Amino acid sequence: MKYLLYVTMVFSFFSCKKEAVETYQGKDGVSFFAYTYQQLHTTAVRSYSFAFQKTMKTRDTMYIPLRLTGKLPNQPRIVLLKTAAGTTATAGVDFELKEVTIPAGVSTFNYPLVLINSVGMASNVYRIVLEPAETKDFTLGTLGQTPATTTIQTEENFRYLKIDVSSMYVRPAYWDVLDASFGEFSAEKYKFMVKVLGITDFSYDNIGLDGYLNFPVTLRNALAVYEAANGPLLDENKNPISFP
């Protein structure tokens with residue numbers, strides 16, 4: 001009996017020791033992420049236009065969601081993005097990338113991408129293609145789809161993120177989702193929407209389901225008032241503006 005007890009203790013000792021040796025010691029990972037319902041994955045293009053802002057800006061910040069994988073240490077860490085193939089914007093002229101310190105113990109973080117209203121944006125749409133850069137703290141993280149749990153929705157983790165930026169009234173990338181409720185995009189329609197609703201971002205993240213259902217009603221009523229006083233509201237191509 002004593003012999004069996006001794007063997008059991010020795011086996012347990014070495015089993016525990018083996019587990020300690022196999023503890024992961026590599027770098028943590030970082031990748032872009034978006035919840036699947038947002039339709040923002042590696043093939044999607046996000047957009048920003050200085051023309052859509054309420055006041056003229058020379059610079060602005062777009063926040064890019066990042067997913068961190070691995071350990072959650074009790075100390076700050078450094079994350080950095082870099083440009084990838086397909087970028088037509090110029091660093092330092094149209095945008096800025098810099099190392100950012102992430103607080104301790106977080107698994108998601110919004111990276112601040114600084115956009116600059118350069119002279120060329122008045123007549124051009126520039127593209128920025130981003131990917132995570134390796135730092136002393138991070139390497140490329142897990143990619144692909146993360147299934148939903150009881151507390152987290154299904155999300156997409158991806159390596160590349162495309163952003164189109166300009167200072168023109170160009171059709172936002174998210175307008176594909178708006179077509180059914182707001183109709184075809186035009187610069188004059190957008191200006192009218194901003195004037196009536198007092199907001200400049202009509203993406204789902206900003207207006208939610210209530211906005212998709214109720215804003216078209218508000219806009220139709222406002223358009224009826226305008227037309228009664230002024231006649232048809234025409235877009236930049238001299239076509240009458242309407243809302244479904």
Side-chain angles (χ1 to χ4, degrees), residues 31-54 60-67 84-89 94-95 110-111 113 115 121 123-131 143-146 148 153-220 222-223 233-237 239-244:
S31 61
F32 300 114
F33 93 97
Y35 295 113
T36 304
Y37 78 87
Q38 295 174 306
Q39 301 180 4
L40 297 174
H41 47 79
T42 188
T43 59
V45 179
R46 304 185 193 188
S47 60
Y48 176 95
S49 176
F50 283 97
F52 292 163
Q53 309 314 307
K54 289 183 177 180
D60 203 357
T61 302
M62 173 181 279
Y63 290 94
I64 310 298
L66 300 177
R67 166 67 67 191
T87 297
T88 59
D94 305 308
F95 67 96
N110 287 325
Y111 179 94
L113 169 64
L115 302 173
M121 289 186 187
S123 56
N124 295 282
V125 178
Y126 294 128
R127 174 160 293 184
I128 307 170
V129 184
L130 299 174
E131 66 176 319
L143 305 178
Q145 188 178 88
T146 301
Q153 301 186 59
T154 303
E155 68 179 41
E156 310 288 338
N157 299 281
F158 44 98
R159 178 173 183 173
Y160 299 106
L161 180 66
K162 306 180 189 74
I163 301 165
D164 285 346
V165 58
S166 75
S167 60
M168 302 186 297
Y169 281 97
V170 293
R171 185 179 187 272
Y174 60 73
W175 201 272
D176 288 345
V177 184
L178 298 185
D179 272 331
S181 296
F182 294 85
E184 185 177 354
F185 174 84
S186 73
E188 294 303 317
K189 172 182 282 190
Y190 194 96
K191 293 176 184 178
F192 182 76
M193 291 169 62
V194 171
K195 181 178 180 179
V196 172
L197 299 174
I199 60 175
T200 61
D201 181 1
F202 299 97
S203 64
Y204 183 88
D205 282 348
N206 193 51
I207 69 174
L209 181 60
D210 286 345
Y212 280 113
L213 296 177
N214 298 321
F215 285 174
V217 177
T218 302
L219 291 166
R220 285 196 298 270
L223 182 61
L233 176 62
L234 305 179
D235 66 17
E236 58 272 25
N237 298 313
N239 296 316
I241 291 173
S242 64
F243 296 93

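Throughout, numbering of the chain's residues begins at 1 and tracks the sequence. As the structure is a prediction and not an experimental result, all values here were calculated from the model.
Although no hydrogens or angles enter the test, the distance criterion places no donor-acceptor pair under 3.5 Å between the side chain of Asn237 and the main chain of Asn239. Of the possible polar contacts, one joining the Ser167 side chain to the Met121 backbone as a donor-acceptor pair under 3.5 Å is found. Judged by distance alone, with hydrogens and angles left aside, the side-chain atoms of Tyr174 form a donor-acceptor pair with the main-chain N or O of Phe202 at under 3.5 Å. Not one N or O on the side chain of Gln53 forms a donor-acceptor pair closer than 3.5 Å with the backbone of Thr200. In terms of modelled atom types and a separation under 3.5 Å, the side chain of Glu131 and the main chain of Arg159 share no donor-acceptor contact. Distance alone, capped at 3.5 Å, is enough to place a donor-acceptor pair between the Ser166 side chain and the Met168 backbone. Checking side-chain atoms of Ser181 against main-chain N and O of Leu178 turns up no donor-acceptor pair under 3.5 Å. Between the side chain of Thr88 and the main chain of Arg127, a donor-acceptor pair closer than 3.5 Å is present. With Asn124 contributing its side chain and Tyr126 its backbone, the two residues share no donor-acceptor pair below 3.5 Å.
Heavy-atom minimum distance, Trp175 versus Gly183: NE1-O, 2.9 Å. Contact between Pro216 and Gly211 at its shortest, heavy atoms only, is CD-O, 3.5 Å. The minimum heavy-atom distance linking Pro65 with Asn110 is given by the pair CA-OD1, 3.5 Å. Contact record, Asn206 with Asp201: ND2-O, 2.6 Å, taken as the closest heavy-atom pair. Taking each heavy atom of Tyr212 and Val177 in turn, the nearest pair found is OH-CG1, 3.7 Å. In terms of heavy atoms, Ile163 sits closest to Ile64 at CD1-CD1, 3.8 Å.
To the nearest 0.5 Å, the span separating OH on Tyr169 from OG on Ser49 amounts to 7.5 Å. Leu113 contributes atom CG, which lies 6.0 Å from atom CG of Leu130 (distance to the nearest 0.5 angstrom). Distance check, rounded to the nearest 0.5 Å: CD1 of Ile128 to CE of Met62 gives 8.0 Å. With rounding to the nearest 0.5 angstrom, the CG atom of Leu233 is 8.0 Å from the OG atom of Ser186. With values rounded to the nearest 0.5 angstrom, Phe95 atom CZ is found 14.0 Å from Thr61 atom OG1.
No side-chain heavy atom of Met193 sits less than 4.5 Å from a side-chain heavy atom of Phe215. Using a 4.5 Å heavy-atom cutoff, the side chains of Leu197 and Thr218 are in contact. Side-chain contact between Asp94 and Leu115 is absent, with no heavy-atom pair separated by less than 4.5 Å.
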Would Glu188 and Ile241 count as a side-chain contact (heavy atoms from CB on, under 4.5 Å) here? Give the steps. CA-CA 8 Å; Glu188 294 303 317; Ile241 291 173; 3.8 Å; yes

Output, in order, the C-alpha distance, side-chain angles, deciding distance and verdict of side-chain contact (heavy atoms from CB on, under 4.5 Å) for Phe192 and Phe243. CA-CA 11 Å; Phe192 182 76; Phe243 296 93; 4.0 Å; yes

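Residue Glu236 qualifies as enclosed at atom CD: its count of foreign heavy atoms under 6.0 Å is above 12.
For the residue pair Tyr48/Asp60, the side-chain donor-acceptor check at 3.5 Å is satisfied.
Taking 4.0 Å as the cut-off between side-chain N and carboxylate O, Asp179 and Arg171 count as a salt-bridged pair.
The ring of Phe52 has its center closer than 6.0 angstrom to the ring center of Tyr190.
Taking the ring centre of Phe182 as origin, the terminal cationic atom of Lys189 falls outside the region bounded by 6.0 Å and 45° from the ring axis.
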